[in-house]
S.K.: 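A single structure is presented below for examination.
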Amino acid sequence: MIIVPEKEIAGLVSEEQAFKAVEQVFASMSKRSAYNFPVIREAIGHADALYGFKSGFDREALNLGLKSGGYWPGNADKGLTNHQSTVFLFDADTGKARAVVGGNLLTALRTAAASAVSIAHLARKDAKVLGMVGAGHQSTFQMRAALRQRDFEKVIGWNLHPEMLSRLEDTAGEFGLPFEAVDLDRMGADADVIITITSSFDAILKADQVTPGTHLACMGTDTKGKQEVDAALLAKASVFTDEVAQSVTIGEAQHAIAEGLINESDIAEIGAVINASHPGRTSDDEITLFDGTGVGLQDLAVASAVVDLAVERGVAIEVDF
Ligand code: NAD
């Protein structure tokens with residue numbers, strides 16, 4: 001069995017490799033060659049922790065396994081990240097344990113890769129202004145992966161806590177791009193692509209603030225009750241997602257579905273666009289919205305790529321198991 005510790009991940013996997021792994025698995029999910037098993041998430045009654053598993057099997061890539069982890073709110077006081085996760089991979093032919101891979105950085109990379117895949121396939125080709133709603137831990141990963149998808153000339157940002165916006169400015173600066181803090185009217189009016197990545201439980205962006213032709217990647221809503229954009233915006237937009245079952249229950253679409261504004265059949269899988277069985281964006285005026293809920297297969301895909309790279313570069317720890 002192979003172990004790839006958390007500290008090795010940053011030096012192993014690039015954004016491009018994460019993008020390819022996630023794009024492949026979304027395509028595989030849409031062909032029904034890959035499926036996610038039911039998610040387990042429990043408040044364990046200790047250390048205020050939320051703990052769970054996301055798991056699945058990709059028959060094309062032969063990735064079988066799970067991501068185990070959750071949220072420990074007291075970790076920051078111990079000098080640890082509150083979100084903790086580890087990926088376990090198994091040999092699909094024998095069931096033998098194949099690898100244990102640190103999952104913290106991988107979670108950020110696979111989440112950023114998902115919105116980047118949506119931008120690559122759904123945003124207008126001439127998109128120039130990237131809008132960021134949210135400036136937390138995930139936001140810099142999101143921005144870096146997104147900026148590679150189009151010839152962006154400027155980044156604009158909004159955050160409930162404005163003191164955090166310097167993080168977005170610094171990241172835009174890495175790419176030599178100007179950054180401007182804006183209000184939500186300007187966000188909707190000026191941005192060609194908008195990424196939302198917050199822990200909000202109320203709509204931040206309203207439907208009438210978003211202009212025709214915009215692509216939105218809504219990435220923060222991954223739990224029942226969370227919400228980042230007006231439900232009416234989903235009725236106005238062409239809605240895409242990683243997995244429809246999650247989109248309507250824990251994703252951004254849960255609210256539009258509950259209010260009867262859209263039906264489950266109105267939501268398309270991003271994998272279908274990748275496989276060209278769905279046309280994706282059909283006009284420059286269309287608003288496209290990707291509801292990125294986060295599936296276990298994304299974690300397995302990037303972890304598997306990491307294991308291959310670790311073996312190739314001689315940094316994998318091999319143990320008899
Ligand atoms: P973080 O705690 O580092 O940052 C939270 C962000 O949300 C900050 O920008 C903060 O200002 C903002 N925020 C907090 N409360 C808000 C409110 N009431 N209204 C508007 N904004 C608010 O978190 P993070 O690690 O950057 O994660 C952001 C979100 O992404 C979380 O909700 C997390 O669960 C989600 N997430 C989703 C996936 C996925 O696959 N879809 C993966 C990882 C994380």
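Whatever order the structure lists ligands and atoms in, that order sets their numbers, starting from 1.
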S.K.: For ligand 1, which atoms have a heavy atom of Gly134 less than 4.0 angstrom away?
M.R.: 9 (O)
S.K.: Determine whether the side chains of Thr107 and Lys67 contain a donor N or O and an acceptor N or O closer than 3.5 Å.
M.R.: yes
S.K.: At less than 4.0 angstrom from any non-hydrogen atom of Asn159, what atoms of ligand 1 do you find?
M.R.: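 Per the distance check, 8 (C), 9 (O), 10 (C), 11 (O).
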S.K.: Is the backbone of Gly220 close enough, under 3.5 Å, to the side chain of Glu228 for a donor and an acceptor to pair up by distance?
M.R.: yes
S.K.: Give me the nearest non-hydrogen protein atom to atom 36 (N) of ligand 1 as residue plus atom name, then the distance to 0.1 Å.
M.R.: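 The closest one turns out to be Asp222 OD2, 3.4 Å.
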S.K.: Using a distance-only test with no angle check, is there a side-chain donor-acceptor pair under 3.5 angstrom linking Ser33 and Arg59?
M.R.: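 No pair is found: no donor N or O on one side chain lies under 3.5 Å from an acceptor on the other.
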S.K.: Got the closest protein heavy atom to atom 3 (O) of ligand 1, with its distance?
M.R.: His137 N, 2.8 Å
S.K.: Pick from Thr221, Thr241, Thr196: which one makes a side-chain hydrogen bond (donor to acceptor under 3.5 Å, both in side chains) with Glu252?
M.R.: Thr221
S.K.: Is the count of non-hydrogen atoms from other residues, nucleotides or ligands lying under 6.0 Å from Asp151 atom CG greater than 12?
M.R.: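 Check fails, neighbour count at 12 or below.
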S.K.: Quick one: do the Asp202 and Gln227 side chains pair a donor with an acceptor below 3.5 Å?
M.R.: no
S.K.: Would you check whether Ser139 has a nitrogen or oxygen atom less than 3.5 angstrom from a nitrogen or oxygen atom of ligand 1?
M.R.: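 It does not: no N or O of Ser139 is found under 3.5 Å from an N or O of ligand 1.
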S.K.: With no hydrogens and no angle check, just 3.5 Å: does a side-chain donor-acceptor pair link Glu286 and Ser238?
M.R.: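 The criterion, which ignores hydrogens and geometry beyond distance, is satisfied for Ser238 and Glu286.
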S.K.: Does even one non-hydrogen atom of Arg110 get within less than 4.0 Å of ligand 1?
M.R.: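 True for this residue.
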S.K.: Could you tell me if Gln254 and Thr249 have a donor-acceptor pair between their side chains, going purely by distance under 3.5 Å?
M.R.: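 Side-chain D/A pair, Thr249 to Gln254: absent.
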S.K.: Could you name the option among Ala114, Ala135, Ser199 that has the heavy atom nearest to atom 2 (O) of ligand 1?
M.R.: Ser199
S.K.: Nearest protein heavy-atom contact for atom 4 (O) of ligand 1: which residue, which atom, what distance?
M.R.: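 The closest one turns out to be Gly136 CA, 3.3 Å.
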S.K.: Can you pull out the closest protein heavy atom to atom 42 (C) of ligand 1? Residue, atom name and distance to 0.1 Å, please.
M.R.: Thr111 OG1, 3.2 Å
S.K.: Kindly assign one of parallel, tilted or perpendicular to the pair Phe26 and Phe290, based on the angle between their ring planes and the thresholds 30° and 60°.
M.R.: tilted
S.K.: With a cutoff of 4.0 Å, is Glu228 in contact with ligand 1, counting heavy atoms of the residue only?
M.R.: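 Glu228: no contact with ligand 1 (<4.0 Å).
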S.K.: Starting from atom 11 (O) of ligand 1, which protein heavy atom do you reach first, and at what distance in Å?
M.R.: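 Checked against all protein heavy atoms, atom 11 (O) of ligand 1 sits closest to His161 ND1, 2.6 Å.
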S.K.: In ligand 1, which numbered atoms sit nearer than 4.0 Å to a non-hydrogen atom of Thr293?
M.R.: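 Once the distances to Thr293 are compared, the set is 39 (C), 40 (O), 41 (N).
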S.K.: Starting from atom 22 (C) of ligand 1, which protein heavy atom do you reach first, and at what distance in Å?
M.R.: Leu160 CD2, 3.9 Å
S.K.: Same hydrophobic cluster for Ile267 and Leu234, using side-chain heavy-atom links shorter than 4.5 Å among ILVMFWY?
M.R.: yes
S.K.: Counting only nitrogen or oxygen atoms and a 3.5 angstrom limit, does Met219 reach ligand 1?
M.R.: yes
S.K.: In terms of residue, atom name and distance, what is the protein heavy atom nearest to atom 26 (O) of ligand 1?
M.R.: Gln138 N, 2.9 Å
S.K.: Any nitrogen or oxygen of Ile204 lying under 3.5 Å from a nitrogen or oxygen in ligand 1? Just yes or no.
M.R.: no
S.K.: For atom 29 (C) of ligand 1, grab the closest protein heavy atom and report residue, atom and distance to one decimal in Å.
M.R.: Thr198 O, 3.3 Å
S.K.: Which option wins on minimum heavy-atom distance to atom 28 (C) of ligand 1: Thr107, Thr140, Thr221, Ile197?
M.R.: Ile197
S.K.: For atom 32 (O) of ligand 1, which of Gln227, Glu252, Lys226 has the closest heavy atom?
M.R.: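 Residue with the shortest heavy-atom distance to the ligand atom: Lys226.
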S.K.: Determine whether the side chains of Asp242 and Thr293 contain a donor N or O and an acceptor N or O closer than 3.5 Å.
M.R.: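 There is such a pair between these side chains.
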S.K.: So, His215 versus Ser118: side-chain donor-acceptor pair below 3.5 Å or not?
M.R.: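 Yes - a donor-acceptor pair under 3.5 Å links their side chains.
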S.K.: Met164 heavy atoms, cut-off 4.0 Å: which ligand 1 atoms fall inside?
M.R.: 8 (C), 11 (O)
S.K.: Tell me which one of Arg148, Lys20, Arg144, Arg110 satisfies salt bridge (Lys or Arg N to Asp or Glu O under 4.0 Å) with Glu15.
M.R.: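 The single option meeting the salt bridge (Lys or Arg N to Asp or Glu O under 4.0 Å) with Glu15 is Arg148.
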S.K.: Using a strict cut-off of 4.0 Å, indicate which atoms of ligand 1 neighbour a heavy atom of Gly292.
M.R.: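 It comes down to these atoms of ligand 1: 41 (N).
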